[in-house]
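Below you'll find the structure, written out as structure tokens, and then a few comments.
Read the numbers this way: they start at 1 and go in the same order the structure lists the ligands and their atoms.
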Amino acid sequence: MISWAAPGRINLIGEHTDYNLGFALPIALPERTIARFAPADTDVLTVHSDHLDGAVDIRLDTRPGDVEGWAAYVAGVVWALRAAGHPVTGGTLRLTSTVLIGAGLSSSAALECATLGALTASGPELDRITSARIAQRAENEYVGAPTGLLDQLSSLFGEPRRALLIDFRDVTVEPVPFDPEAAGVTLLVINSHAVHEHAGGEYAARRTSCERAARDLGVASLREVCADDSLDPVRDPVDARRARHIVTENARVHDFVAAVRASDFAAAGRLMTESHASMRDDFEITTPHLDAIAASAVAAGAFGARMTGGGFGGCVIVLVPTDRAGSVTDAVEVAMRDGGYRAPTVTATHAAAGAGRVRTA
Ligand code: GLA
């Protein structure tokens with residue numbers, strides 16, 4: 001029996017920059033998915049999940065379209081591994097998870113990376129960049145979601161008390177010390193419980209907009225555009241706003257890293273709030289519900305707040321002086337009640353380890 005764990009993530013800053021070959025700064029979360037694999041001499045992988053009854057049989061020669069629903073992420077990994085020339089053995093895969101599903105915390109990447117780790121543990125070691133690309137291919141081409149590399153790299157490279165500065169053009173990951181607790185600052189995750197609808201189509205539309213803007217600007221990707229370059233050549237005004245988010249967001253990632261390195265969490269918080277405004281006004285991926293959470297946290301004395309993840313639902317993250325965490329939580333709860341929204345779940349969190357083998361006693 002092989003057990004492999006892979007965490008969910010939150011992105012501290014740098015949203016929708018991954019497929020624009022820019023920068024992001026995620027952390028891995030303490031919550032994780034565990035895949036327990038018992039190999040057997042068969043051409044079928046039988047998958048069980050603690051969230052769902054029954055089992056799903058995946059043939060090792062599975063092709064995109066064969067399997068749907070949550071098991072498609074597992075089938076996608078089987079397919080992408082084999083397509084990359086890595087042998088996969090059949091058997092039984094049991095999945096358990098503490099990563100919330102549909103909350104924008106990358107439960108899908110946790111599932112892909114735990115599966116990939118468990119299925120390849122007995123073979124030659126796969127480096128983490130290769131693993132991330134295989135898991136991304138599973139998601140892009142088997143599941144059909146045109147996502148970037150952010151979630152998989154976060155899950156695979158996570159480290160305790162470190163954030164990960166990712167450069168998506170060079171595909172490098174640089175750990176950056178991130179330990180707000182040691183400075184008397186708390187990182188809160190506020191789950192709105194709003195699960196996004198039509199988010200898939202909106203995500204793809206943002207991606208297309210960014211690609212069009214890059215073409216109008218004559219660059220290979222929006223990564224090549226500097227903060228003071230003119231966006232006038234972008235013909236469509238909506239595309240221009242999308243591009244402005246990406247360009248300013250890339251700059252904010254670097255400013256945030258500098259602030260965190262200087263233990264200036266007040267400045268880091270301000271950048272988070274600016275990032276939220278950019279996602280709200282230029283990229284248009286927030287919702288009035290998420291805006292209300294972020295605004296009420298900041299009004300109650302947080303250093304800053306922003307939605308994290310793909311958008312249209314999910315979670316808001318907040319940096320707050322620890323002695324104000326209680327009053328900020330209360331204020332957000334009151335704002336949600338007054339606004340007629342569902343009660344949020346507020347949790348303090350921290351940067352945790354990335355994917356790896358689970359040693360069983
Ligand atoms: C989702 C995608 C990522 C990334 C984020 C936005 O989580 O899976 O690749 O694009 O949205 O930053």
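For D41, the CG atom sits in a loose shell: 12 or fewer heavy atoms of surrounding residues, nucleotides or ligands are nearer than 6.0 Å.
For ligand 1, the atoms closer than 4.0 angstrom to any heavy atom of G148 are 9 (O). Within ligand 1, counting atoms from 1 as listed, the ones closer than 4.0 Å to a heavy atom of T147 are 2 (C), 8 (O), 9 (O).
Closest protein heavy atom to atom 11 (O) of ligand 1: G310 CA, 3.3 Å. Among protein heavy atoms, the minimum distance from atom 5 (C) of ligand 1 is reached at L150 CD2, 4.0 Å. For atom 10 (O) of ligand 1, the nearest protein heavy atom (residue, atom name, distance) is Y203 OH, 2.6 Å.
The main-chain N or O of E284 is found under 3.5 Å from a side-chain atom of R206 such that the two form a donor-acceptor pair.
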**Request:** Evaluate the ring pair (Phe, Tyr, Trp, His ring centres under 6.0 Å) criterion for residues Y19 and Y203: first the C-alpha distance (whole Å), next the side-chain angles of each, then the deciding distance (0.1 Å), finally the verdict.
**Result:** CA-CA 11 Å; Y19 56 80; Y203 187 97; 5.5 Å; yes
**Request:** Evaluate the side chain to side chain donor-acceptor pair (under 3.5 Å) criterion for residues D151 and S154: first the C-alpha distance (whole Å), next the side-chain angles of each, then the deciding distance (0.1 Å), finally the verdict.
**Result:** CA-CA 5 Å; D151 307 339; S154 312; 5.4 Å; no
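In this structure the side chain of W79 reaches within 4.5 angstrom of the side chain of E141, judged on heavy atoms.
The option with the heavy atom closest to atom 4 (C) of ligand 1, from among T308, D18, T17, L153, is D18.
Here's the thing with D151: one of its N/O atoms is less than 3.5 angstrom from an N/O atom of ligand 1. Every N/O-N/O distance between E139 and ligand 1 stays at or above 3.5 Å.
Checking T345 against H193 by side-chain atom types alone, a donor-acceptor pair falls below 3.5 Å.
E249 has a carboxylate O that lies under 4.0 Å from a charged side-chain N of R306, or vice versa, which qualifies the two as a salt bridge.
Residue contact check for ligand 1: R9 places a non-hydrogen atom closer than 4.0 Å to it.
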